[in-house]
Structures are given as C-alpha cells and as structure tokens.
K.L.:
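Input: one structure, supplied below.
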There are 2 protein chains.
Amino acid sequence: MRVSAEQRRRELAAAALRVVVRDGVAAATIRAIVAEAGMKLASFHYAYRSRDEVLREVVRLVVEGERETTAAALAEAAAPPASGRADEAGGPELLAALTRRTLGAYLASVHADPGREQGMLELTFTALRTPELEGVAAEQYAQYRGLVAEILAAGAELAGMRWTAPLEELARAIVAISDGLTVAALVDPDADLEPVLDLLVPALVARAEPALTAERIPG
Amino acid sequence: MRVSAEQRRRELAAAALRVVVRDGVAAATIRAIVAEAGMKLASFHYAYRSRDEVLREVVRLVVEGERETTAAALAEAAAPPASGRADEAGGPELLAALTRRTLGAYLASVHADPGREQGMLELTFTALRTPELEGVAAEQYAQYRGLVAEILAAGAELAGMRWTAPLEELARAIVAISDGLTVAALVDPDADLEPVLDLLVPALVARAEPALTAERIPG
DNA sequence: GTCTATAGCCGGATAGAC
DNA sequence: GTCTATCCGGCTATAGAC
C-alpha cells in the first residue's frame, strides 16, 4: 500500500523520536530509525535527504508537541473559575502555588520518562556541534521561552498578579532552572529536589506584585 | 624513547579531553585520540582496554582539575584579610557579592570555552546511556556538589555568615543553577544572563544569617 | 515507487612481524 | 613494547533491477 511522502516523513520523524528517547541520539542511525518505523532502508531517502534533516524535524516535532500540551494546559487552567481568584491577599501565595505545581509537574515528567528530556538535550548539543543543524538549538530554546512566557502570563492573570520583570527575562530564568533540574534528576533520580524548588520558587514570585484592576497611582 | 604505562595513560586521557572539548564526545574515537596524542593506533590498547575506559578517566581528570582549581581559589580568597570582614552589617551584602562573583566567573569561563562545559555534559549523558560507565555520572556530580559545598562554607566564613539550610541542599541547587546557566549560555551565547543572576543570587543568600561569634542564645 | 545489493568509509579491536 | 596490516562490523548513501 502506497502512502504519501508527507505521511512517510511524519512516520519516520515519529520513529526517530522514539529511538532518540529510548536509546539516545548516537543510536538514532538511519538504520535504527527505519527499523523502528517498519520500513526498508532505501525508503528513508525518499522522505529525507539525510540523517541531519530528520533530526531537525524531530526537534520541530517535539516543540510542536510542547506547544499543544501547553495550550491544552492553559485552556484547562483557565476553565474552572470555581476556585475563585484571590484578588488581594491570596495573590502571591496562589502564584507561588501555581509556579511550584507547574515546575513540580515538569520534574515529575522527567522522572517518569528520563529518556525524553535527556534525548532533547542530546539533540540540542548535537545541533550545536553540527553545521548542518545551525540555528536549530537557538530556535528550539526561543520557542521554549515563548511557551514559558505564555504560561507565566496566564499564571499571573489567574492569581491576579503582575510580573515586575520583563517576561522574557523570567522565561529565560525558568528555562535555565528547568534544564538544571533536569540534569539533576537524570544524574541522581533518587535525590529529593523539593528543597531546591522551595529555594527557587520564592525568587520567581518575588518578581510579581498584585495587579491593579483600576489605576490607583496618583497622577 | 620508552615511556611508562602510567605516563601513556595520562597523555592519552589528556588528548581525549582535548578532542572531547574541541569536537565533542561523538568525535572522540580511539583513532582521533591517538592522533591528538601523536601516537600509533595500536599503542592505545596498551594503556586502556577500551574507549569507555579512557572516557571514564577523562571524567576523573576533569573532576581532579576542578578540585585543584577550587583549592587554589579558596586559598587565594582566604589569603588577603586586608579587606576586613564585615561582621554585622556588611555580611549579607558581602556574601551576595561573593556568590554573584563566583557564579559570574563560572559563566565567563563557559563563554570563554563553551566546548569544555558542553563536552562535560556530553560525557555525563554518554555515561548515563552506557552500562560500562554506570555510576560515573552520579560520582561526577557528587564530587561537584562536594566542591560547591566547600566553596559555600568558605564564602560564609569570609562574610561572617552562617547557612541556615543544609549545605548539601544548597550545593545541589547551585550545581543545578550552574547547569541551567551553562545550557543557556551554550544555546544563546549573546544573551545577557545578568538578570538571571540578579534573580537567583538573593534566593541563595536568603538561606544565610549573620554568624554568632559567641553564643548569645539564652540558656 | 519500492526493493535488493553494494559501494565506500570509518569504527573498535587484534594479529603477528620485529 | 612497538609497529604495520587487517579483520570485521556498522554506517550513510546510492545504483540498478523490478
């Protein structure tokens, strides 16, 4: 049965991602990828010109996935206003709780599937060393920061707060913190990282203040 | 001229490190390593049993280097008491300045030689995926945390302060922060990470209080 | 378009002369 | 101990039959 070239590309990229996650970038050879996809070796070059090209597509695929996950999470978080937003008093505490829960959920996902985040970092490093993948890593991280910025904005809105530092700065910090926590969780899966969260979350929330619904600042 | 087996091992490990830093772990083949060391291919297996074994030695070599660098830095920092330690007032500010300067110096070293830190992270990830290198990554990071703990203790001493959280917790947080900043600097070398430091350093220093030279707590 | 087959290269590791 | 020469396997990529 004949399938479209686009379909082929998608299947191969998905297979490549599975191999990267399970066995690492180094093991993601063209042979391993086509085997994972249940295809013949020669089929590969009908869909992609080179191994680098499919790796580039894998990064795009993952970022796309993160985008959808984020969008869904934001929609769900915004949905139930039943909890009632604390306008004045609960604001900072709520924002801290949201921040902590989000970072904690991310960390839990690393523990649940360590290969995934390790694979992504391996892809990033591969991209940094491969001229044919120039710009991929920078683009990947720019997207990450953009997604984090959206989450930050939504969180502040939900908590009735306002960030006092540029969103891009906060997003950069959070992406860095996430990467650091990721490495820590990969290297030492049994370590308790809760105290690290306790340390870092207040530093982030310190960059927010209660939002003013009406202008209160004297002219 | 005949050289001892130990000498051979050292030269090969040093050559391997140079290749890893310059070209990445994937490029650090036995052939590339012996070429870098100016040796013949067959000489390799007189010194090491396998490629994995020399990679293990490279990690040991780097950690050893960090240890010496740290020791030297601590000796120098402790040397000039001319600046006079601020016992009460300047304590927190001094500790913040020390923390910031140390993290800033680390970041500068990443910018000066990105391949080095990328290579080390690549080695860590390789170790995590290679059964023959089991435990190497965990050991490497345990050593890192130990060194950071020493620096933390020395910094507090110098500033007349006392950490209020377990040193191991703080060290774990700082290693994570360093890794996160490293990835950020590698992916986007032009980005300004000063605001991130501004955000994180206070969170660390918040875990310290002025040290009491004499017991003042009522009995 | 899809397969088999293979070119051509590079990798780790070792054999065997000296 | 030190070299040259090589084995053998896996890799990317392509040629050529169907």
Side-chain angles (χ1 to χ4, degrees), chain A residues 1-13 15-20 22-59 119 122-123 125-127 129-134 136, chain B residues 1-13 15-20 22-59 119 122-123 125-127 129-134 136:
Chain A
M1 147 179 167
R2 197 177 144 281
V3 288
S4 77
E6 249 330 291
Q7 179 68 10
R8 274 272 144 115
R9 282 176 66 90
R10 271 194 294 272
E11 282 176 25
L12 280 169
L17 175 57
R18 289 197 299 276
V19 176
V20 165
R22 193 207 311 128
D23 304 322
V25 170
T29 64
I30 293 179
R31 292 169 126 91
I33 294 168
V34 293
E36 175 76 24
M39 297 184 194
K40 299 292 182 179
L41 178 58
S43 301
F44 179 87
H45 289 286
Y46 277 86
Y48 292 100
R49 224 165 331 171
S50 68
R51 178 176 179 264
D52 288 336
E53 197 175 286
V54 77
L55 291 186
R56 181 187 287 268
E57 192 65 16
V58 167
V59 174
E122 289 173 0
L123 278 173
F125 289 164
T126 301
R129 297 254 193 214
T130 308
E132 286 77 14
L133 295 179
E134 205 190 331
V136 169
Chain B
M1 145 179 166
R2 198 178 145 282
V3 289
S4 77
E6 250 329 293
Q7 178 68 9
R8 275 270 143 117
R9 282 176 67 88
R10 271 194 294 272
E11 283 176 24
L12 280 169
L17 175 57
R18 290 197 298 274
V19 176
V20 166
R22 192 207 311 129
D23 304 322
V25 170
T29 65
I30 295 180
R31 293 173 132 90
I33 293 168
V34 293
E36 174 75 23
M39 294 183 195
K40 299 292 182 178
L41 177 57
S43 300
F44 179 86
H45 288 286
Y46 277 86
Y48 291 100
R49 226 167 328 174
S50 67
R51 177 176 179 265
D52 288 336
E53 199 176 285
V54 76
L55 290 186
R56 181 185 286 268
E57 191 65 17
V58 167
V59 174
E122 288 173 0
L123 278 173
F125 290 163
T126 301
R129 297 257 193 211
T130 309
E132 286 77 12
L133 295 179
E134 203 190 333
V136 169

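Values reported hereafter were calculated over all heavy atoms of this structure, with side chains retained and with hydrogens, waters and symmetry mates removed. Throughout, a chain's letter reflects where its sequence line sits, starting with A, and its residues are numbered from 1.
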K.L.:
Any chance you could measure B:L55, atom CG, to B:I33, atom CD1, to the nearest 0.5 Å?
P.N.:
6.0 Å
K.L.:
Can a donor-acceptor pair be found, under 3.5 Å and without considering hydrogens, that links the side chain of A:R9 to the backbone of A:A47?
P.N.:
yes
K.L.:
Hey, is the side chain of B:R31 pairing donor to acceptor with the base of C:dG12 inside 3.5 Å?
P.N.:
yes
K.L.:
Answer yes or no: is there a side-chain heavy-atom contact under 4.5 Å between A:E57 and A:L12?
P.N.:
no
K.L.:
Would you mind reading off the distance between A:Y48 atom OH and D:dT14 atom P, rounded to a whole angstrom?
P.N.:
17 Å
K.L.:
Side chain of B:I30: nearest nucleotide among C:dC3, D:dT4, C:dA13?
P.N.:
C:dA13
K.L.:
Which whole-number value in Å describes the distance from A:R8 CZ to C:dG1 P?
P.N.:
10 Å
K.L.:
Rounded to whole Å, please give me the gap between CZ in A:F44 and C1' in C:dA5.
P.N.:
19 Å
K.L.:
Provide, to the nearest angstrom, the distance between the CD1 atom belonging to B:I33 and the P atom belonging to C:dG12.
P.N.:
8 Å
K.L.:
Given that A:H45 and A:A27 both sit by DNA chain D, which one's nearest nucleotide is further toward the 5' end?
P.N.:
A:A27
K.L.:
Which of these nucleotides, D:dC11, C:dT4, C:dG11, is closest to any side-chain atom of B:T29?
P.N.:
C:dG11
K.L.:
Got A:F125 and A:V25 here, is their nearest side-chain heavy-atom distance under 4.5 Å?
P.N.:
no
K.L.:
When you measure from the side chain of B:R51, which nucleotide among C:dA13, D:dC3, D:dA15 comes out closest?
P.N.:
C:dA13
K.L.:
Starting at atom NZ of A:K40, determine the distance to atom C1' of C:dA5, rounded to an integer number of angstrom.
P.N.:
13 Å
K.L.:
Whole angstroms only, please: what is the CZ-C1' distance between A:R49 and D:dT14?
P.N.:
15 Å
K.L.:
Mapping B:L41 and A:A32 onto DNA chain D by nearest heavy atom, which one lands closer to the 5' end?
P.N.:
B:L41
K.L.:
Tell me whether the side-chain N/O atoms of B:S43 come closer than 4.0 Å to OP1 or OP2 in D:dC3.
P.N.:
yes
